[in-house]
Amino acid sequence: MKIFYSESNNDYASYTFNYAIYCVKENKSEVPKIYESGFLPYSSDLNLKHETYYLARSLRVQLERFSDTSENRRVARKMASLDMQVEAMPKADFDLNHPDFFNFCLSYAQARFSNNAMTAERLQYIFNRDSANYLLHFTSNQKTVGYVLAIVHDDVFHYWYAFFDSQLLDEYPIGKWMMWRSIHWAKEQGLKYVYLGTCYGKSALYKARDFRGLAFFDGMQWNEDIKLLKTLCKEDEVVKTMDHFKSLEDRNEVLKQILR
């Protein structure tokens, strides 16, 4: 993997000079290391010919510490009447170009993604990503209810994109259940981590609340302080003129920890 930096906003008054941080995957064996380093796959630029990842406040579940919460059990009870089944398969064994599959995913994406962020071209680009190698197919009474496009490599599972019948949302917590069931599937396979994407803003708080065994990437390490994560999410809508390090009261304590 090759890491590079792209200059972003700056605030000279506080000596805050921001850079977006990316990495480029050179071979498949690097996937676990890329996720361990806090990177997530970038899919917005359809012209990129090499798999590129961005550094962000991402979230993962350490499956050794994972167990059901009362919220997980509540969601499972609410979904019980649908008798949901899940089948996991390598992407190579699935017809990604089947109209029923593609139109199902595109219909969901266009309804749920704002500002036409998920076009048919972008969706096709995502499906063709080399690292995206698994599909979880969810059915109820043999009818398709949803899919999860995942990246599975060694002991890593990335819950990348989910698509489901959004008409069920009026009555069932289908999205929460699919994420929970995917985590269980990964644990059943003996994997070590499930990555759940970014965790920014109040809308992402359900991830921080719903699952045990969580940690978030704080720019230096995987941090298990979920109380801090919730605070950061609630503060994300506030425009910041300096980075988190400068805003700390005891910055020397951070430096001491880094130098250990």
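Please read all numbers here as calculations on a predicted model, not as lab measurements.
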Novice: Taking Glu30 for its side chain and Asn27 for its backbone only, find out whether a donor-acceptor pair lies under 3.5 Å.
Specialist: yes
Novice: Is the ring centre of Tyr147 less than 6.0 Å from the ring centre of Phe104?
Specialist: yes
Novice: Between His153 and Ser131, do the side chains contain a donor N or O and an acceptor N or O under 3.5 Å apart?
Specialist: no
Novice: Using only heavy-atom distances, determine whether the side chains of Ser140 and Gln85 contain a donor-acceptor pair under 3.5 Å.
Specialist: no
Novice: Got a salt bridge between Glu71 and Arg74, using NZ or NE/NH1/NH2 to carboxylate O under 4.0 Å?
Specialist: yes
Novice: I'd like to know if the side chain of Asn103 and the backbone of Pro99 have a donor-acceptor N/O pair within less than 3.5 Å.
Specialist: yes
Novice: Step through it carefully: locate the ring centre of Trp160, locate the ring centre of Tyr35, and say whether they are under 6.0 Å apart.
Specialist: no
Novice: Parallel, tilted or perpendicular for Tyr195 and Trp222, by the 30°/60° rule?
Specialist: perpendicular
Novice: Side chain of Asn141, backbone of Lys143: donor and acceptor closer than 3.5 Å?
Specialist: no
Novice: So, applying side-chain contact (heavy atoms from CB on, under 4.5 Å) with Leu191, which one of Val152, Val156, Asp154, Ile183 is it?
Specialist: Val152
Novice: For Lys207, enumerate each residue passing the salt bridge (Lys or Arg N to Asp or Glu O under 4.0 Å) test, keeping only those at least two apart in sequence or located in another chain.
Specialist: none
Novice: Using modelled atom types and a 3.5 Å cut-off, is there a donor and acceptor pairing between side-chain atoms of Gln221 and backbone atoms of Phe217?
Specialist: no
Novice: Are a donor atom and an acceptor atom from the side chains of Tyr53 and Glu51 found within less than 3.5 Å of each other?
Specialist: yes
Novice: Of Leu82, Ile174, Thr139, which is the lone residue that meets side-chain contact (heavy atoms from CB on, under 4.5 Å) with Val145?
Specialist: Ile174
Novice: Between Asp210 and Lys176, does any NZ, NE, NH1 or NH2 come within less than 4.0 Å of an OD or OE carboxylate oxygen?
Specialist: yes
Novice: Testing the 3.5 Å rule here: is there a donor-acceptor pair between the side chains of Asp218 and His244?
Specialist: no
Novice: Is there side-chain contact between Tyr200 and Leu232, with heavy atoms separated by less than 4.5 Å?
Specialist: no
Novice: Under 3.5 Å, is there a donor-acceptor pair between the Ser43 and Arg122 side chains?
Specialist: yes
Novice: Does the pair Asp236/Lys202 count as a salt bridge with the N-to-O cut at 4.0 Å?
Specialist: no
Novice: Atom OG1 in Thr16, atom CG in Asn9: separation rounded to 0.5 Å?
Specialist: 11.0 Å
